[in-house]
Amino acid sequence: MRSLTSRRHHKAARLLLVAVALLVTGGIYAVVSPAASVAAPTPEETIARGKELFAVSCASCHGLNGEGLASQGAPSLVGVGAAAVDFQMRTGRMPMANPLVQAPGKTNPFTPEEIAAISLYVASLGDGPAIPDPDQYDPSGLSPEEVAVGGDLFRTNCSACHNFQGSGGALPNGKVAPPLLDAEPIDIHEAMRTGPGEMPVFADQAIPDKDVKAMIAYLDQVHAEPSAGLSLGGLGPVSEGFWAWVVGIGGLVLFAMWITKKAARR
Amino acid sequence: MAKPTTVDPEVPQGQRPQRAEPSVAATAAAGSVGWVDDRVPVSSIARKGLRKAFPDHWSFLLGEIALYTFIILLLTGVFLTIWFKPSMAEVEYEGSYALMRGIPMSEAFASTLSISFDVRGGLLIRQIHHWAAMLFVAAMTAHMLRVFFTGAFRKPRELNWLIGVGLLSIGLVEGFAGYSLPDDLLSGTGLRFVDGLVRSIPIIGTWAEFFVFGGEFPGELVIPRLYMVHILLVPGILLALVSAHMALLVYHKHTHFPGPGRKQTNVVGQALFPVYMAKAGGFFFIVFGVTILMGALMQINPVWLYGPYNPAQVTAGSQPDWYMGFVEGAIRIIPNWETHILSTTWSWNIFLPGVGLMGLLFTGLALYPFIEAWITGDKAEHHILDRPRNAPNRTALGVAGMTAYGLFWLSGGNDILATQFGLSLNAITVFMRVAVFVGPVIAFIVTKRICLSLQRRDRERVLHGSSSGILVRRPDGGYTEAHAPITQAEAFTLTQHTELPALEVSETTDQHGVKRTGKRTSRLRARLSRWYAHGRVPKPTAQEIADAGHHGEDEADHAVEPAAGTGELTSSGEPASTH
């Protein structure tokens, strides 16, 4: 009895009391408050939510059931897979603001949950590439030799359109292979697996995940390398020739004018 | 007669004329100079050489840029040869650039990487070498345009023009060979392009390809062969031609722009010693400095990004260096024409733009001085340059040629134009296919109009002076602008050029009805000559100037020319004026 009383005056007692009070209040709040009813939604619920969002944001072109509308130039989404939806919406390519030759990347207005819901709904229409896990695209932990092989693979498979260091290139009829300078690793993985726009599909059977990781690692590291002076856009000899004339000949002509204007001292 | 001019001692802006030196014999005893002078007449050579006159105009230094970049190329090239291995043997890269480690590549590419990353200063020297090469060809081109537009190729300098055309064409070969040596992805792609060009030569194409590459492309011989071409054969030819070019320059002496005191028999300028020794010498260091700055600050040909050549690979933005861009462009826009005759394939789509266009350019350049002389019948020597406006047809032809070249050039970068300006590749191709034919015609017409307008302005200035900007109201309420007479010197400059009459068709018989023999002016030549002289605004005659001076005393006003479209003023003089 006495011991209890003395313990009640212990230095830590007040702190403990506050901690217990907080725990109890928090616990009661957690049980009683309306938020408590939010449990992880079932896949069915997410798909239903995705279908609602799809009807609002996508269906005007792709049709209410993702069947596509030839008159709008919108393809069927049956079998494109969650990865395609994730890539197109996260990079802001879809929904398109207006019909263009090619969907340009822009700021994405959707939350990750909304995109996940729509992806799951589209995936439910037919089998296709799933959104990759980080261990499928995360480029860390590769040896220099593996990264170098990634570079070789990049030059074999990608540089014909995307340029030797991913500065982008032209395609027929006003289309472009976009620059890869700001692309996230997951973007590159998803794009290779789903082939957006003019890009061909590079399937797992052709280029396995470990090679994709090596290519992503090569791009990351080559972009991190310092350039030997101003890179002049990384576009190759055209911009070099342009600057040779402007800076080289242009500058030297200015010097020549200055030199020939100088009068000789008598 | 062929030996033209001497430095005129009465040159107004020139060096003080130097006193005649004591005779060579008198200085014979004077030390080591005298010893040499007894054997080789250095002092008389030096006396002449040091007094060579250089006219002061920036455009006379364009050729010097080419000369100086050539020297820079020789210096930096020697450095690069010390480490470069011209071998196509395959090795696995083990150098310090991590992103290539373990990749199989040719020794040529591996040694280029080692120059870039392992040799101290190697990357800087490589970049200086490449920038200097770009500037070398660019300066030659700019110099050639200056010579063309000022008519400096005319007699007696036609041979030097031909040497210049040779230098430019061989310069392209030299640049291309150098571009191919590192054996990176772009140089291999460029070699594949040339391989196609060689194969497009009708009938013998395949044999020629096997001859050049020692078998199937790419083989193992082409880099060692190009190395020999790049560091021995072509530089040797270039050196020889540069020497001949400069020897002829010294022999013919400089041309100069027209002006008071500038005659066909003199050169007005600064003497080599001391003024141009300092100016030209200083300019060498400026050119070297600019090239070093470019090499240090601007990345060029980053071969480590392109990777080693691999026939399975290609990259967007595969272009040659700028001076081959016009051929690249022609190939990019030509329709896919090909004919099969018996068992042979005739690839017009490669042969015409590749072999044909380069042949057309250099043949046209080489022949132009002779064609123009034939058309005008001009056999006189020319040491005073034309102001481009006073040769309207030549100037217009030159601009038309530049336009065609420029359009082909742009087509060579059609993919870069498409991505940088948001255009459609196909639209560019269609546009260029038309523009390379229509553009030069438009350029010709516009340039000729501009030249004639400038001639008319010159005439106006000589007759009525320069407009003073002061408007005077007359008592009757009309307004006139007062004109200030121009100086005698300016009037001379504006009127010193000669106007050659068009050639007439020769009579085929003489007055006795006997058929003439010997040289005759053909109908074609006379027609071309009429066309060449047509439309030019005649310079005012002495009588017209005198008349204009008189009415200027009464009311220094402005005679408005009638809208005489083509500017063909009657030879009787000034058009009816409004005063």
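Letters A, B, ... mirror the listed sequences (proteins, then strands); counts begin at 1.
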Report task. Specify which of A:Val222, A:Val253, A:Thr156, A:Asn173 makes the most heavy-atom pairs with chain B at under 4.5 Å. Result -> A:Asn173

Query raised in the report: Where does A:Leu235 contact chain B at under 4.5 Å (heavy atoms): side chain, backbone, both or neither?
Result: both

Requested in this report: Applying side-chain hydrogen bond (donor to acceptor under 3.5 Å, both in side chains), name anything that partners A:Asp211, two or more places apart in sequence or on another chain.
Outcome: none

Requested in this report: Determine, step by step, whether A:Phe202 and A:Val212 satisfy the side chain to side chain contact (heavy atoms under 4.5 Å, CB included) criterion, reporting the C-alpha distance in whole Å, the side-chain angles of both residues, the deciding distance to 0.1 Å, and the verdict.
Outcome: CA-CA 10 Å; A:Phe202 296 89; A:Val212 174; over 6 Å; no

Query raised in the report: With only heavy atoms counted, which part of A:Gln221 is less than 4.5 Å from chain B, the side chain, the backbone, both or neither?
Result: both

**Report entry** Ion pair check, A:Glu146 and A:Lys213, cut-off under 4.0 Å
**Finding:** no

Report task. Verify whether the ring centers belonging to A:Trp258 and B:Trp58 lie closer than 6.0 Å. Result -> no

Query raised in the report: Would B:Arg332 and B:Thr429 count as a side chain to side chain donor-acceptor pair (under 3.5 Å) if you check the C-alpha gap in whole Å, the side-chain angles of each, and the deciding distance to 0.1 Å?
Result: CA-CA 8 Å; B:Arg332 285 186 182 209; B:Thr429 305; over 6 Å; no

Query raised in the report: Is it true that the NZ or CZ of B:Lys52 lies under 6.0 Å from the centre of B:Phe54's six-membered ring and within 45 degrees of the ring axis?
Result: yes

Report task. Mind ranking A:Val101, A:Asp152, A:Val149 by heavy-atom pairs under 4.5 Å with chain B and telling me who comes out on top? Result -> A:Asp152

Query raised in the report: What residue, out of B:Leu423, B:Asn301, B:Thr69, has the most heavy-atom pairs lying under 4.5 Å from chain A?
Result: B:Asn301

Query raised in the report: Salt bridge between A:Asp209 and A:Arg193, side-chain N to carboxylate O under 4.0 Å?
Result: yes

Requested in this report: Give the member of B:Gly307, B:Pro308, B:Ala427, B:Ala418 that has the highest number of heavy-atom pairs under 4.5 Å with chain A.
Outcome: B:Gly307

Query raised in the report: Side chain, backbone, both or neither: which part of A:Val147 has a heavy atom under 4.5 Å from chain B?
Result: side chain

Requested in this report: Name the option with the most non-hydrogen atom pairs under 4.5 Å to chain A; the candidates are B:Ala138, B:Pro302, B:Ala98.
Outcome: B:Ala138

Report summary line: Pair count under 4.5 Å, heavy atoms only, with chain A: among B:Thr315, B:Leu425, B:Leu305, B:Val290, highest is B:Thr315

Report task. Pick whichever of B:His130, B:Glu64, B:Met294 has the most heavy-atom pairs under 4.5 Å with chain A. Result -> B:Met294

Query - Proximity breakdown for A:Leu254 and chain B, heavy-atom pairs closer than 4.5 Å - result: neither

